[in-house]
Amino acid sequence: MALKIYNSLTRQKEVFEPINAPYVGMYVCGPTVSGESHLGHARPFITFDVLYRYLLHLGYKVRYVRNITDAGHFEEEGKVAEDKITSKAILEKLEPMELVQKYTHLYHWAMDQFNNLPPSIEPTATGHIIEQIEMIKKIMTDGFAYEANGSVYFDVIKYNEVYSKKNQPYGILSGRNLEDQLDTTRELDNQDEKKNKVDFALWKKAPVEHIMRWQSPWGEGFPGWHIECSAMATKYLGKKFDIHGGGMDLQFPHHECEIAQSTVCNHELPARYWVHNNMITINGRKMGKSYNNVVKLSELFDGSHPILTQAYSPMTVRFFILQSQYRGTLDFSNEALQASEKALRRLMDAYEWLKAQSFTSEKKSTDASLDQQLKTWVNELPEFMEDDLNTAKVVANLFEMVPVINSLKDKHITAEAVSGATWQLVQAQLTLFIEQVLGIKVESGVNKKQLNGVIHLLIDIRKEAKAKKDFATSDKIRNQLLEMGIQIKDEKDGEVSFTFS
RNA sequence: UGUCAUGUGGCCGAGUGGCGAGGCAAGGGUCAGCAAAACCCUUAACGAUGGUUCAAAUCCAUCUAUGACAGCCA
């Protein structure tokens with residue numbers, strides 16, 4: 001069976017065939033580091049992490065490029081032309097790059113919490129200004145962009161005229177036609193610079209107060225929103241690469257514009273497979289500032305957002321996301337997260353127990369149908385992954401096996417019911433799919449507060465033992481704690497303290 | 001308003017026309033000093049109305065509700 005993924009470009013599931021096997025190039029749009037990452041960011045990065053992991057598992061040599069947008073773009077194109085990062089920096093009295101650094105660190109921290117593998121290359125927009133300028137120059141030379149008052153715009157109408165004849169109209173990815181947009185695009189103020197309202201900026205002239213600015217053939221300014229991804233993808237993955245990923249909200253206009261830019265420069269569609277994850281909603285609503293329901297990842301992990309009734313661990317959130325297929329919307333609620341938390345614990349308890357067992361392959365099975373059923377569940381795991389990353393089905397099968405494992409643990413079934421070889425297969429495949437493919441790691445459920453409580457309890461028991469002159473017990477507690485790296489010390493005043501070594 | 005999606009049991013979510021995924025919750029039972037866990041069993045859904053079909057959650061049409069995009073957004 002071969003890996004099939006849904007290609008937004010062709011609107012169907014397609015068998016994945018790399019251009020240049022075993023090499024695979026994958027580009028995923030990363031975050032704008034003008035603020036802290038929120039729950040919405042978690043989905044694409046976890047989704048594409050799983051795709052990355054699965055491609056690696058299949059034996060591909062993957063170059064995974066995920067950018068960091070640190071240049072800031074216009075909040076409202078044409079109207080205010082204000083740099084998001086700069087404006088926030090003034091509010092916080094931080095240098096723009098200081099702010100970028102701060103949020104980049106926080107973003108990396110969150111990615112690490114989720115157990116996402118780092119990408120192969122993580123280029124920044126500000127590190128590729130030259131490449132972006134070169135690309136814009138090329139687009140202008142070919143006549144698909146024009147300068148107006150120090151800014152450069154992409155000529156969408158002209159592009160559409162020329163490339164419609166080559167079966168590649170503007171709107172090829174999003175399924176929009178240009179005529180509709182010309183009719184319905186809202187009239188924004190101050191658009192006189194553009195020949196047409198559908199045109200988008202490649203380079204923007206920097207207003208005097210703008211801190212982030214670079215010298216260009218058109219004066220001082222900063223790059224437009226879309227050009228960075230085209231420039232960096234081309235630089236690191238070539239003119240044509242395998243997979244381009246991102247959130248569904250980026251499909252239009254961002255990815256559409258990327259296609260137009262790259263096509264003009266490189267004379268071909270930049271990527272073969274366009275993969276888009278769907279959005280996360282909160283209690284049925286989209287996350288957005290106006291709804292006051294944007295949950296930052298740090299708030300999610302410590303439960304500090306008012307919408308949350310408790311904290312949720314990174315693995316709970318990861319598991320929650322993987323319980324659905326990436327192309328559907330996923331509704332977040334406390335109830336749903338709590339369900340995931342409990343479910344994950346049950347799954348991992350069973351898995352960890354099984355992992356610690358040893359089986360000998362000589363043992364024959366006494367329950368052939370159960371033996372066969374386990375093999376079937378395990379063998380279906382790759383099939384589900386290869387059907388457009390149906391992690392929901394993978395998880396469902398994992399849960400089918402939990403009662404069997406627990407029955408073995410509680411001796412409701414005998415160890416001989418299933419052959420040793422099958423148990424070994426189950427062990428190996430569960431490790432592969434839970435840890436490697438889904439990227440779920442064992443979380444220690446014990447926090448410091450609980451641990452301290454336990455130590456105090458042991459200290460109390462030791463005190464009681466000493467009072468009864470049961471020194472065997474008291475020494476056992478002290479010595480074994482010491483072996484675990486916890487040293488308890490009897491103070492002169494009779495109090496007991498402890499330190500972790 | 002345009003474009004595109006979506007509507008599955010109390011909640012979250014899979015579903016490739018043909019014996020009702022899975023998780024959480026709920027009810028009953030086994031086990032058990034109590035509790036928890038675990039195991040077994042049970043309940044329950046396919047937005048509405050038509051249509052195609054031997055057979056539809058699944059295909060078609062209309063309606064309805066919700067959402068996304070069209071300006072930033074994962």
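Letters A, B, ... are given to chains in the order of the sequence lines, protein chains preceding strands, and every chain is numbered from 1.
Considering only side-chain N and O atoms, A/Asn406 lies under 4.0 angstrom from the phosphate OP1 or OP2 of B/rC39. Phosphate proximity of B/rC73 to A/Trp225: present, with a side-chain N or O under 4.0 Å from OP1 or OP2. Between A/His41 and B/rA74 there is a side-chain polar atom (N or O) within less than 4.0 angstrom of OP1 or OP2. For the OP1/OP2 pair of B/rC39 and a distance below 4.0 Å, the side-chain nitrogens and oxygens of A/Arg346 include at least one atom meeting the criterion. Taking side-chain N and O atoms only, A/Lys342 has a distance below 4.0 Å to OP1 or OP2 of B/rA25.
Heavy-atom nearest nucleotides on RNA chain B were determined for A/Phe332 and for A/Ser340, and the one closer to the 5' end corresponds to A/Phe332. Nearest-nucleotide mapping onto RNA chain B: of A/Asp349 and A/Gly247, the residue sitting toward the 5' end is A/Asp349.
Listed nucleotides: B/rC72, B/rA14, B/rG23. Nearest to the side chain of A/Pro253: B/rC72. Checking B/rG22, B/rC11, B/rG13 against the side-chain heavy atoms of A/Glu335 singles out B/rC11 as nearest. Candidate nucleotides B/rC12, B/rA14, B/rC72 were compared by shortest atom distance to the side chain of A/Ala392, and B/rA14 ranks first.
When heavy atoms are screened at a 4.0 angstrom cut-off, A/Pro31 is found touching no nucleic acid atom at all. Within 4.0 Å of A/Ala343, counting heavy atoms only, lie sugar-phosphate atoms of the nucleic acid but no base atom. At a threshold of 4.0 angstrom between heavy atoms, the contacts of A/Asn390 are confined to the sugar-phosphate backbone, with no base atom among them. Looking at heavy-atom distances under 4.0 Å, A/Thr329 makes contact with sugar-phosphate atoms alone, never a base. Here A/Glu341 lies out of heavy-atom contact (under 4.0 Å) with every strand. Note on A/Gln251: nothing from the nucleic acid sits closer than 4.0 angstrom, heavy atoms only. Contact annotation for A/His38: base contact, defined as any heavy-atom pair under 4.0 Å involving a base atom. Using a 4.0 Å heavy-atom cutoff across all strands shown, A/Leu398 reaches no nucleic acid atom at all.
When ring centroids are compared, A/His38 and A/His41 come within the 6.0 Å threshold. In summary, the aromatic rings of A/Phe114 and A/Phe45 are positioned with their centroids too far apart to meet the 6.0 Å limit.
A salt bridge between A/Asp371 and A/Lys375 is present, with a side-chain N of the basic residue lying under 4.0 Å from a carboxylate O of the acidic one. Between A/Asp49 and A/Arg318, at least one side-chain nitrogen of the basic residue sits less than 4.0 Å from a carboxylate oxygen of the acidic one, meeting the salt-bridge criterion.
Spacing between B/rC69 and B/rA26 at atom P, rounded to whole Å, works out to 37 Å.
Cation-pi geometry between A/Arg66 and A/Phe48 is not met: the NZ or CZ atom fails to fall both under 6.0 Å from the ring centre and inside 45° of the normal.
In this structure, the CE atom of A/Met279 is 10 Å from the P atom of B/rA68, given to the nearest Å.
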